[in-house]
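Only one structure is covered here, and it is reproduced in the block below.
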Amino acid sequence: MLNELTLSIAATSVAWANGETDNIGPLLWLLGPAAGIGFYVLTFLRYRNANKRHAYERQTSSDVHDLRTHDAVVDRIRGTRNRSIRGANGSRPLDRLGRGTTVTVVPPPTIESIIEEHTQSGDAGQQTDPPPGHPGV
Amino acid sequence: MAERVIDTSDDQSDGLDRCPRCGSTEISLRVGTGMLMCHFCRHEWAEEVIEQKFGFDSAISDLAGTTIASGAAGIQESAEDVLTLKCQACGAEVIVNTAQAMQSRCHWCRQVLSINAQQPNGAVPDGLLPFSVPREDAIARITQFVKKRTFFAHPKFVKEFAPTEVVGVYMPYLLLDANTSVDLRGYGEIQTRTYTRKEGDRDVRYYDADVYQVARSFDLHIDDVVIESSGERADMDWRRNTNNIINAIQPFDVKSAVQYNANYLSGFTSEKRTLDVSGLSGEAHSRALSIGRARAQETIGQYGRGVRWEGEHLTVKGTRWVSVYLPIWLYSYFDGRLTHFVAVNGRTGATMGSVPLRHGKLALISTIIGIVGTVVGGIGAIALG
């Protein structure tokens, strides 16, 4: 009896995962285990609040400027049974991408680079007051 | 890399910190108004808001390199926690252990001596947010929170619950402003058709979709990310601790942070900063990328089947770091394995907590629900054939 129940639950789970939901009869066998596990998990979270945190990624003030976008069709999929893109992470901003994550820290401008930029902007030759603390010429 | 330091010490010194009107050192925070109050002449005043005073509100787009407010400067391991001050009133030598308190009373003349000068031990921040939620309010919020969670709570916790033991704690954080740009690349899919096919006696659903190459690039100016700067509190693994509770009561109105003055800490405790800017750069980059990805999510709504980012690049052009103390009412309970916190945001009153469970009782009732559900579901399944 237990084996039959286990096989029924397993078969039902596979069928549900594949989107075959027209026959809900076998699904009802999952009602009990799902309710028991669900009650345990929800009560645990209500008391321990182990899943609570500050959603800084959405609540921190930030401004986006100079947005550049690129969207180009590169392929067409026919007859997939997956409901969403494989490896979807567009709505999981906290997930880093392993080797796909890279960071560059730009060094602050040096006095030489500031002078060079100043020169290239065509201001060279104009007389300006030396900054405070500058020995002057 | 060279760092630019903004001096926020304002030449403050240790020792007697007197009321500007009468010269008394009997000063404390008047919770509710957020003002300092002299207990002798009742004069009230407040320190200046640091954003304006030290120019922390300048344009984030202008940030280049690393700018650090002096209260967030590097911690020297050799720096002592225990400082000896000479009382300017009577000349006695008074010891202040900055790991426990930032003020001490002279045992000879009863004057209060304050630690206001920035130390290389992380004890004095650039600014702080004074408590504005009164202690009685915090006790009521904690009591209400726990009362809603008593049925499955551990009976020892319920028996020993004493919300009047709540403590006002100033927790250390670093505020980060960041001038960055973010580049993302990946793939997105838009469904073009869905249909079912008969396979044996079952209907199986299929989907057609267009696959897009997706890229987003933008400049991202981030204002006041709040990062835990106590190494102990930064660890938020729920299996080892309940530090996530303290994190969950954010946000704080950090724009209102005022210049540090030890008198704000009178009657409260504080936890020292133990993490440096250099040690937090990895966390800062991760947070900036997370904010960037969250902002990018606003631009990919057309991809109904979702987006898979395969590359993300953060360019950090400039950062600005400021250290602050933020106010938290904290009730803690050690159950023999974990310290459970119930925390109240000392500015907004937001409350979160962890209540120790009686696992046996919860497992028993969950099992009963499982058995009843299985019987009911089984009858339904048999009835449907």
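Proteins get letters first, then strands, A, B, ... in listed order; numbering begins at 1 in each.
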Output the option from [options] having the highest count of non-hydrogen pairs under 4.5 Å with chain B.
options: A:Arg46, A:Arg92, A:Arg86; answer: A:Arg46
options: A:Asp75, A:Leu67, A:Leu31; answer: A:Asp75
options: A:Thr43, A:Thr80, A:Asp95, A:Thr101; answer: A:Thr80
options: A:Ala88, A:Gly38, A:Ser61; answer: A:Ser61
options: A:Ala72, A:Ala55, A:Ala35; answer: A:Ala72

Could you tell me if the side chain of [Y] sits less than 4.5 Å from the side chain of [X], heavy atoms only?
X: B:Asp219; Y: A:Val64; answer: no
X: A:Ile37; Y: B:Ser366; answer: no
X: A:Arg96; Y: B:Arg293; answer: yes
X: B:Phe218; Y: A:Thr69; answer: no
X: B:Lys317; Y: A:Thr104; answer: no
X: B:Arg185; Y: A:His70; answer: no
X: B:Thr242; Y: A:Arg48; answer: yes

> Under 30°, 30 to 60°, or over 60°: which ring-plane class applies to B:His359 and A:Phe44, parallel, tilted or perpendicular?
Replying inline: tilted
In Å and rounded to the nearest 0.5 Å, what is the [atom1] to [atom2] distance from [X] to [Y]?
X: A:Glu57; Y: B:Ser290; atom1: CD; atom2: OG; answer: 6.5 Å
X: B:Arg287; Y: A:Leu94; atom1: CZ; atom2: CG; answer: 9.5 Å
X: A:Ile85; Y: B:Glu189; atom1: CD1; atom2: CD; answer: 4.0 Å
X: B:Arg295; Y: A:Thr60; atom1: CZ; atom2: OG1; answer: 11.0 Å
X: B:Tyr207; Y: A:Ser84; atom1: OH; atom2: OG; answer: 9.0 Å
X: B:Asp210; Y: A:Asp71; atom1: CG; atom2: CG; answer: 12.5 Å

Engaged part of [X] at the chain A interface, taking heavy atoms whose separation is under 4.5 Å:
X: B:Thr299; value: side chain
X: B:Asp224; value: backbone
X: B:Ile300; value: side chain
X: B:His285; value: side chain
X: B:Ile371; value: neither
X: B:Gln213; value: both
X: B:Ala363; value: both
X: B:Ile379; value: neither
X: B:Ala288; value: neither
X: B:Val372; value: neither
X: B:Gln191; value: neither
X: B:Tyr187; value: both
X: B:Thr67; value: neither

Mind ranking [options] by heavy-atom pairs under 4.5 Å with chain A and telling me who comes out on top?
options: B:Ala296, B:Ala64, B:Ala248; result: B:Ala248
options: B:Ile369, B:Leu362, B:Ile368; result: B:Leu362
options: B:Tyr212, B:Trp238, B:Tyr303, B:Tyr195; result: B:Tyr212
options: B:Gly311, B:Ala209, B:Gly188; result: B:Ala209
options: B:Ser61, B:Gly318, B:Ser286; result: B:Ser286

> Hey, is the main chain of A:Arg83 close enough, under 3.5 Å, to the side chain of B:Arg305 for a donor-acceptor pair?
Replying inline: yes
>> Quick check against the 3.5 Å criterion: does A:Asn89 have a side-chain atom that pairs as donor or acceptor with the backbone of B:Trp309?
In response: yes
List the atom of [X], the atom of [Y], and the distance in Å for their closest heavy-atom pair.
X: A:Gly79; Y: B:Tyr206; result: O-CD2, 3.3 Å
X: A:Asn49; Y: B:Phe145; result: ND2-CZ, 3.5 Å
X: A:Ser62; Y: B:Ile291; result: OG-CG2, 3.8 Å

>> Show, in sequence, the C-alpha distance, side-chain angles and deciding distance for B:Arg197 and A:Arg81, and conclude whether the side chain to side chain contact (heavy atoms under 4.5 Å, CB included) test is met.
In response: CA-CA 11 Å; B:Arg197 282 186 197 149; A:Arg81 286 165 69 167; over 6 Å; no
> side chain to side chain contact (heavy atoms under 4.5 Å, CB included) between B:Val226 and A:His54: does it pass, once the steps are laid out?
Replying inline: CA-CA 10 Å; B:Val226 179; A:His54 174 228; 5.9 Å; no
> Taking only residues two or more places apart in sequence, or in another chain, which ones meet B:Phe151 in a side chain to side chain contact (heavy atoms under 4.5 Å, CB included)?
Replying inline: A:Tyr47, B:Lys361, B:Ile365
> Between A:Tyr56 and B:Asn247, does any side-chain donor sit less than 3.5 Å from a side-chain acceptor?
Replying inline: no
